[in-house]
Amino acid sequence: MTIKPDLTTPIPSSLGAVHFVGIGGSGMSGIARLLIGEGHRVTGSDVRDSANIAALRELGAEIAIGHAAANLRDDVDTVVVTGALWQDNPEYQLALSRGLPVLHRSHALAALIAGRRLVSVAGAHGKTTSTGMIVTALRALGADPSFVNGGVLADLGVSSAAGAGELFVVEADESDGSFLLYDTAVALITNVDPDHLDHYGSRDAFEQAFVEFADRASELVVISSDDPGAVRVTARLSNERVVTFGEASDATVRLHSIVTEGPVAFSVSYEGVDYSGRLRVPGRHNAVNAAGAFAVLVGLGFDPAASLAGIEGFSGTGRRFELHGTVGGVSVYDDYAHHPTEVAAALSAARTVVGEGRIIAVHQPHTYSRTQAFAKEFAEVLEQYADETVVLDVYGAREDPVPGVTGELVSERFADPSHVAFLADWQEAADHTARIAQAGDYVITLGCGDVYRIVPQLLGSLERERG
């Protein structure tokens, strides 16, 4: 069993020396970066080295690779854990036996936010990009916010930073209910597409969590006018100030005139005036994300035209349609998409810029429960939006294996099996991809597990096949 956050856990008045168990992720490393900036001594551990860990070490953090009780120093005051850890983690267990305060990462983030005017971005999809758009625009508007995002902002090279302004912007995680912990001023809900039902148990419970999240916002709720789940949530809100965004005719911020070929262009209507924008990131879904970010910014009181100009400066985040290399005319991208809706959005965005080339999807299913629940939906969107698909085995993350649940559950549901291959061995998958790739094609790895680690193998196989 993995560690679940207890929202009633008291947060110490002073965190002192902090040890992070699982420090390498974007969220955990972002929080660690801010604590270092506040003068805390930070130590930590993770299962493998990464660029995030290297950056933290340069800032003075002491980080061990591999989890072991010996990593927890005697002079640690507070331990921060991620929900991806198992209960038997030796550092977690030693912290409990010592009686140390053990905080879920959301509690550590709440401690950093205390006293600030908080913008929380939640939703099943689009959180990281929407957060990045808001932060980029606020910086352009001179607001200098602090932020913690779930991905690295391409222009800044970091997933978090401390600012001098009153605003603090966070990507708020709904997966385990921890987004209910924050004292939110402005809540953005990008969508309420059913997910994380292993935690919530039902769609209604999932949606009720968003109702609670929105009703706790002290200033403003910004929510999609188009997503069916968001519409149901809106109908249940008691919050008096609600702003909607999307293509619906009655949206407060109405999105229209979307052009997806090449740079995404669109217009938004707000208070009787049309404002036009053009993005640096592809895909219709990013026009929707931009409309939500715009609604937040004008809701905070910023000028509409200046707000949209600030959003236009956003150039993307890590693991969102991120180019890693081109070999023999074949470009290899990586994307975090791990839900059927996200996969459809990522691949349809790629379609707008691939030109005459084909799209080859390398899909790593994430968690056994999600694979079991959505195998048919994954197969449908992969077959619809990709020309060829390679399915890897399931990345279990926090879950134990389930007998009979493998990546083949997805591949066997393709209507035309000639365009899909289930290959559990990564080298075989990379070699197969290189054999079928042609100049002009885009290879896109998809998943929120460790599928990005196959990228060097894909590039290597392409070198041997096409170099």
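- Put simply, the side chain of Asn191 gets close to the backbone of Ala124: a donor and an acceptor are under 3.5 Å apart.
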* In sequence, state the C-alpha distance, the side-chain angles, and the governing distance for Tyr452 and Tyr336, and then conclude on ring pair (Phe, Tyr, Trp, His ring centres under 6.0 Å). => CA-CA 9 Å; Tyr452 60 89; Tyr336 194 74; 9.5 Å; no
* Would Asp450 and Gln364 satisfy side-chain contact (heavy atoms from CB on, under 4.5 Å), going step by step from the backbone distance to the final call? -> CA-CA 8 Å; Asp450 62 355; Gln364 182 190 52; 2.9 Å; yes
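- Put simply, the side chain of Trp86 does not reach to within 4.5 Å of the side chain of Tyr92, judged on heavy atoms.
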* Derivation and outcome, side chain to side chain donor-acceptor pair (under 3.5 Å), residues Asp155 and Ser315 -> CA-CA 7 Å; Asp155 283 341; Ser315 62; 2.7 Å; yes
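- Using a cut-off of 4.0 Å between Lys/Arg side-chain N and Asp/Glu carboxylate O, Arg236 and Asp215 are scored as not salt-bridged.
- A 4.5 Å side-chain heavy-atom check between Thr190 and Asp227 finds every atom pair outside the cut-off.
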* Asked: Does the side-chain contact (heavy atoms from CB on, under 4.5 Å) test come out yes or no for Glu322 and His324, once each step is laid out?
  -> CA-CA 6 Å; Glu322 183 179 11; His324 282 266; 3.8 Å; yes
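- Val222 has its side chain within reach of Phe245: a pair of non-hydrogen atoms, C-beta onward, lies under 4.5 Å apart.
- A donor-acceptor contact shorter than 3.5 Å is absent between the side chain of Thr244 and the backbone of Ser224.
- Shown here for Leu300 and Arg117, the closest heavy-atom pair between the two residues is CD2-NH2, 3.7 Å.
- Taking the side chain as every heavy atom from C-beta outward, Phe374 and His339 approach each other to under 4.5 Å.
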* Asked: After noting the C-alpha distance and the side-chain angles of Val135 and Leu153, does the key distance pass the side-chain contact (heavy atoms from CB on, under 4.5 Å) rule?
  -> CA-CA 9 Å; Val135 169; Leu153 273 67; 3.9 Å; yes
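- The CZ atom of Arg203 sits 10.5 Å away from atom CG of Asp193, with the distance rounded to the nearest 0.5 Å.
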* To do: Please step through side chain to side chain donor-acceptor pair (under 3.5 Å) for the pair Asn289 and Thr129, ending with a clear verdict.
  => CA-CA 7 Å; Asn289 290 332; Thr129 295; 4.6 Å; no
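- In this structure, Leu35 and Leu112 have side chains that are in contact, with non-hydrogen atoms separated by less than 4.5 Å.
- No side-chain heavy atom of Glu247 sits less than 4.5 Å from a side-chain heavy atom of Ser225.
- Within the 4.5 Å cutoff, side-chain heavy atoms of Asp74 are placed close to those of Arg98.
- A distance-only check finds a donor-acceptor pair linking the side chain of Arg319 to the backbone of Gly447 [under 3.5 Å].
- Using a 4.5 Å heavy-atom cutoff, the side chains of Tyr270 and Val298 are in contact.
- The closest donor-acceptor contact from the side chain of Glu91 to the backbone of Ala68 lies under 3.5 Å.
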* Asked: Going through the checks in order, is the side-chain contact (heavy atoms from CB on, under 4.5 Å) test met by Val288 and Asp226?
  -> CA-CA 10 Å; Val288 177; Asp226 304 337; 5.6 Å; no
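- Between Tyr333 and Tyr442, the distance from one ring center to the other falls under 6.0 angstrom.
- Between the side chain of Asn52 and the main chain of Gly24, a donor-acceptor pair closer than 3.5 Å is present.
- Within a 6.0 Å sphere centred on CD of Glu38, other residues, nucleotides and ligands contribute more than 12 heavy atoms.
- At least one donor-acceptor pair under 3.5 Å links the side chain of Asp303 to the backbone N or O of Ala306.
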